[in-house]
Amino acid sequence: MEELEKLGLDGFEDLFNIAFVNDKEPVYTLFECLNSLEDDILDFIFNYYKDIHKAVKGNIKSKKTKIELLNQKIPEMFTEFLNFINSNDEEVINDCIKNKTTNKSNSSLLSNGFLFGFLNDEENIYIVPKELLEIYKKNYTLEYKKDKDITKVKECFFVYGIMNGVIEKDFFINLLKEKYQIKLTIKEIENIIKENKGNIYKNKYYTILDISDKENMDSLIDIKNDSSVPYKILDEEEMVYYLYLLQKWFKDLDKIFKNKKDIDYDKLDVLFKIVSAYSDDSFDILDDCNAEFDFDSKISSKLFEFIEENLNEFRFWDLNGNTLKEFDMHESLLYLIKKLPKKHDLKSLLNSLSREALERIYETYDIEEDINELIKAIKDDFQDTVDFSVSNETLETLRSYHESNFTVDTETYLIANANLFIYEDNNDIKVIIPSEFLEILDDTLPEEKEIHYVDDIDDYVYEYITANGIIEREKLQELLFKHHEIKVNLDELDKIVKKEKFLIKDNLYIVLNDFSKEEIDVIKQLKDTFGLDYKVCDYNVALPENNMMEELGDFLDSIDIKNSQYIISIIISGIKFGIITEEGLKEQFKSSDIKISSKDFKEMYSIIKKYKNDISIWIYNGYSINEFSERIKKVKIGRNEKCPCGSNKKYKYCCGK
């Protein structure tokens, strides 16, 4: 038994259960069940109560005393346990009520002394002592089960209501009955919904919204009905995690508005509904919030940070409770080929798609059902993609996709455009490029790159880290070798980074030593959102930033302002984060108690405007705002594709307006 305890319970369920089996069937009372146990098993249960439940105190050695104490404590703990009983435990106990014994076992019931095993004709049999069965029959009544069902309905309506805003009645009722085994009638369920500030709309929908606003209700229902993604169903673990997130988000919002007397809990509720309604980008969500509440710039800035930080975990109404990543995954898998055809030409691959997927591709290219016309349009589109590709890395990436492992939430627009196809291979999802496209790629030679060399590796390291803010150690090592023919091992690279006084943490090189974990996570998250390849950096990358710092320094010295270097650092950080605005900078100066006249501030900001769009941005992996905009213009993007700016909106509703 000591060895079993050392091993732990996880992964040793069978071994654990067998250890509790006696040679003979014990008498049906709890006292006799305990008395029939081997000494080490009895000690295990006794120590379990002593250590886990803290229900027994003192150093007791007598077996009789241990049994007497457990005989008293186990029924008390069993009564408490019924408040949290799960369906598996319930099944074991119900089986014992019907048959007196069961061949089902459960380690938690055994270790608590609620279940006892014995060997019968080479089979392990288990019983629940009659005192515990009586407690179960008395306390775990139909009324008790009904109370449990009511609690579950409240929890589900709260979670699924916030996830969806509006949810179909038929789906919700089936969810309760099939997934959660709720035995309540529809009328009882609807009474619970009404008691918990829910509404019933047209007897078809349950909602957390005000149903008097019929125009908005109907509009949201139409959007949800048009969505291709099904309602998200959470398992117990996901439900608990989402409840935790909701609690955290409301606390975070409360902190943002803690000094605003006109913001109460009801307004926080409205605000969160605005944030959850539509899967727009962070800027559009912020605009909707400001339109409702007219926040000042300081609040807007904090709210934007909150939205950006949590955007990928929000469950959006228009996506039927799915996150952006879950939606992308679903969208990609609609194009999944179950069995790859023998020929890998474009026509064969298209004909292997489901009817729904093929119809979507026709719609993307705005073509009626003419397969030859569609093939021509796809080929022309792919040729344009290659001709106007923003970098040689993109072409290499396309080549590498051929029959490689594939992560579905990347390059979704290439799948929707039929430039790439995904297929199942022994439960793996892989990628294939039509054979005609491989020929195009093979004929496309990499362009000559003009590289400005400097003598010292330190300069390259400095430029890459300051341009990117955060960069993985292996990625910087790869970039130095790939673009500058500099081969360096990670230990040597670490020494250079430390010498330049950058931070090394969690396999990352980080530009500032005082970055908080939250700031690091935000930058990493935004980098992933935009998904840009890293810009090739040389000494030219820092020229706009250096020129601006020099001009700002001269200007601040001319007006004899204190802390000029601190002011410049605030400005540089704001630009590098990609969040600097005139109003935001004014608010930051005010909160930092920096005194500057309106006239001087205006002149200072004119210097910032002259340079800021040419300075490398951390979240764009070293590209400036102007370079990022130019990249979007150069890439041929279908009207119905996802916009490459990272907004998760269709191109025609975003940068393609």
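Since the model is a prediction, treat every value here as computed from it, not as a measurement.
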S.K.: Any heavy-atom pair between the side chains of I223 and W317 that's under 4.5 Å?
M.R.: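 Heavy-atom side-chain distance check fails, nothing below 4.5 Å.
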
S.K.: Checking E369 now: which residues fulfil salt bridge (Lys or Arg N to Asp or Glu O under 4.0 Å) with it, not counting sequence neighbours?
M.R.: R355

S.K.: Is it the case that the side chain of E627 and the backbone of S624 share a donor-acceptor pair, with hydrogens and angles ignored and the cut-off at 3.5 Å?
M.R.: yes

S.K.: Please confirm whether the backbone N or O of N626 pairs with a side-chain atom of N613, one donor and one acceptor, at under 3.5 Å?
M.R.: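 Checking the backbone N and O of N626 against the side chain of N613, no donor-acceptor pair under 3.5 Å is found.
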
S.K.: Check step by step if salt bridge (Lys or Arg N to Asp or Glu O under 4.0 Å) holds for K524 and E472.
M.R.: CA-CA 10 Å; K524 283 167 62 181; E472 299 85 356; over 6 Å; no

S.K.: Short question: side chain of K576, backbone of S616 - any donor-acceptor pair under 3.5 Å?
M.R.: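 It does hold such a pair.
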
S.K.: I'd like to know if the side chain of T207 and the backbone of G165 have a donor-acceptor N/O pair within less than 3.5 Å.
M.R.: yes

S.K.: Between N174 (side chain) and D170 (backbone), is there a donor-acceptor pair under 3.5 Å?
M.R.: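 Yes, because the side chain of N174 sits within donor-acceptor range (under 3.5 Å) of the backbone of D170.
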
S.K.: Does a side-chain heavy-atom distance below 4.5 Å link Y278 with I285?
M.R.: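 Not touching, per the 4.5 Å side-chain cut-off.
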
S.K.: I'd like to know if the side chain of D370 reaches the main chain of E373, judged simply by a donor and an acceptor atom lying under 3.5 Å from each other, with no hydrogens or angles considered.
M.R.: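 Indeed, once roles are kept as given, a pair shorter than 3.5 Å links the two residues.
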
S.K.: Compare all side-chain heavy atoms of K379 with those of L346 and state whether any distance is below 4.5 angstrom.
M.R.: yes

S.K.: Does L476 reach the side chain of Y460, with side-chain heavy atoms less than 4.5 Å apart?
M.R.: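 SC-SC contact between L476 and Y460 ruled out.
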
S.K.: Under the side-chain contact (heavy atoms from CB on, under 4.5 Å) rule, what do F421 and I337 come out as? Steps first, then yes or no, please.
M.R.: CA-CA 8 Å; F421 289 81; I337 298 172; 4.0 Å; yes

S.K.: Just checking K347: does its NZ atom have more than 12 heavy atoms from other residues, nucleotides or ligands closer to it than 6.0 angstrom?
M.R.: no

S.K.: What residues, two or more places apart in sequence or in another chain, satisfy side chain to side chain donor-acceptor pair (under 3.5 Å) together with S348?
M.R.: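 Applying side chain to side chain donor-acceptor pair (under 3.5 Å) to S348 gives D345.
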
S.K.: Do S300 and N290 meet the criterion of a side-chain donor-acceptor pair at a distance under 3.5 Å?
M.R.: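 Side-chain D/A pair, S300 to N290: present.
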
S.K.: Just to verify, what does Y205 make a ring-ring contact (aromatic ring centres under 6.0 Å, His included) with, not counting sequence neighbours?
M.R.: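 For Y205, no residue satisfies ring-ring contact (aromatic ring centres under 6.0 Å, His included) once neighbours in sequence are set aside.
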
S.K.: So does E237 get a backbone contact from the side chain of D235, meaning a donor-acceptor N/O pair under 3.5 Å?
M.R.: yes

S.K.: Should D218 and K202 be marked as a salt bridge (Lys or Arg N to Asp or Glu O under 4.0 Å) after you check the CA-CA gap, both sets of side-chain angles, and the distance that decides it?
M.R.: CA-CA 10 Å; D218 289 336; K202 295 182 178 179; 3.2 Å; yes

S.K.: Quick one: side chain to side chain donor-acceptor pair (under 3.5 Å) partners of E155, sequence neighbours excluded?
M.R.: K152

S.K.: Begin with the C-alpha distance, continue with both residues' side-chain angles, and end with the deciding distance and a verdict on side chain to side chain donor-acceptor pair (under 3.5 Å) for E313 and Y241.
M.R.: CA-CA 11 Å; E313 295 203 89; Y241 180 63; 2.7 Å; yes

S.K.: Verify, without hydrogens or angle tests, whether T466 (side chain) and E463 (backbone) share a donor-acceptor contact under 3.5 angstrom.
M.R.: yes

S.K.: Less than 4.5 Å apart, any side-chain heavy atom of Y160 and any of L234?
M.R.: yes

S.K.: Tell me the closest heavy-atom pair linking D533 and N621, and the distance in Å.
M.R.: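 Scanning both residues completely, I find the closest heavy atoms to be O-CB, 3.9 Å.
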
S.K.: With sequence neighbours excluded, what pairs up with F502 under the ring-ring contact (aromatic ring centres under 6.0 Å, His included) test?
M.R.: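 Scan of F502 (ring-ring contact (aromatic ring centres under 6.0 Å, His included), adjacent residues dropped) gives Y462.
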
S.K.: Begin from the C-alpha positions of L493 and L480 and carry the test side-chain contact (heavy atoms from CB on, under 4.5 Å) through to its verdict.
M.R.: CA-CA 10 Å; L493 197 53; L480 290 170; 3.8 Å; yes

S.K.: Indicate yes or no: at least one non-hydrogen side-chain atom of H483 is less than 4.5 angstrom from one of C537.
M.R.: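 No, too far: nothing below the 4.5 Å cut-off.
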
S.K.: Are more than 12 heavy atoms from other residues, nucleotides or ligands located less than 6.0 Å from atom NZ of K177?
M.R.: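 Yes, the 6.0 Å shell around NZ holds more than 12 heavy atoms from other groups.
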
S.K.: Using salt bridge (Lys or Arg N to Asp or Glu O under 4.0 Å) as the criterion, list what pairs up with E474, not counting sequence neighbours.
M.R.: none

S.K.: Are Y201 and Y206 close enough that their ring centres sit under 6.0 Å apart?
M.R.: no

S.K.: Tell me the closest heavy-atom pair linking L353 and Y335, and the distance in Å.
M.R.: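 Nearest heavy atoms, L353 then Y335: CD2-O, 3.2 Å.
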
S.K.: Evaluate the side-chain proximity of C289 to L271: yes if any heavy-atom separation is below 4.5 Å, no if none is.
M.R.: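 Touching, per the 4.5 Å side-chain cut-off.
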
S.K.: Name the orientation class of the two ring planes belonging to F283 and F304 (parallel below 30°, tilted from 30 to 60°, perpendicular beyond 60°).
M.R.: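 Ring orientation, 0 to 90° scale: tilted.
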
S.K.: Does N322 use its side chain to pair, donor to acceptor, with the backbone of P230 at less than 3.5 Å?
M.R.: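 Checking the backbone N and O of P230 against the side chain of N322, a donor-acceptor pair under 3.5 Å is found.
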
S.K.: Would you please indicate if the ring centroids of Y464 and H484 are separated by under 6.0 Å?
M.R.: yes

S.K.: Not counting sequence neighbours, which residues clear side-chain contact (heavy atoms from CB on, under 4.5 Å) with D506? List them please.
M.R.: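 Partners of D506 under the side-chain contact (heavy atoms from CB on, under 4.5 Å) test: none.
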
S.K.: For the backbone of E305 and the side chain of E308, can you confirm whether one donor and one acceptor N or O come within less than 3.5 Å of each other?
M.R.: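 Side chain of E308 to backbone of E305: no pair is present.
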
S.K.: Does the side chain of I504 reach to within under 4.5 Å of the side chain of I510, using non-hydrogen atoms?
M.R.: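 With C-beta onward as the side chain, the pair stays apart.
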
S.K.: Tell me, please, which residues at least two apart from E424 pass side chain to side chain donor-acceptor pair (under 3.5 Å).
M.R.: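 Counting only residues at least two positions away or on another chain, E424 forms no side chain to side chain donor-acceptor pair (under 3.5 Å).
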
S.K.: Tell me, with the steps shown, if D252 and K248 meet salt bridge (Lys or Arg N to Asp or Glu O under 4.0 Å).
M.R.: CA-CA 6 Å; D252 290 345; K248 175 183 174 295; 3.0 Å; yes

S.K.: Where do D494 and R473 land on the salt bridge (Lys or Arg N to Asp or Glu O under 4.0 Å) test, with the steps shown first?
M.R.: CA-CA 8 Å; D494 285 351; R473 293 165 71 235; 2.9 Å; yes

S.K.: Once side chain to side chain donor-acceptor pair (under 3.5 Å) is applied, do any residues pair with K495, and if so which ones, sequence neighbours excluded?
M.R.: none

S.K.: Run the side-chain contact (heavy atoms from CB on, under 4.5 Å) test against D222 and tell me which residues pass, sequence neighbours left out.
M.R.: none

S.K.: Tell me, please, which residues at least two apart from F171 pass ring-ring contact (aromatic ring centres under 6.0 Å, His included).
M.R.: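 So F171 forms a ring-ring contact (aromatic ring centres under 6.0 Å, His included) with Y231.
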
S.K.: Taking all heavy atoms of A416 and all of T364, pick out the closest pair and write down the distance.
M.R.: O-OG1, 4.0 Å

S.K.: What verdict does the side-chain contact (heavy atoms from CB on, under 4.5 Å) test give for L340 and S352, after you've listed the backbone C-alpha separation in whole Å, the side-chain angles of each residue and the deciding distance to 0.1 Å?
M.R.: CA-CA 7 Å; L340 194 65; S352 300; over 6 Å; no

S.K.: Please list, chain by chain and in numerical order, all residues satisfying salt bridge (Lys or Arg N to Asp or Glu O under 4.0 Å) with E326, sequence neighbours excluded.
M.R.: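 With neighbours one apart ignored, the set is K232, R315.
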
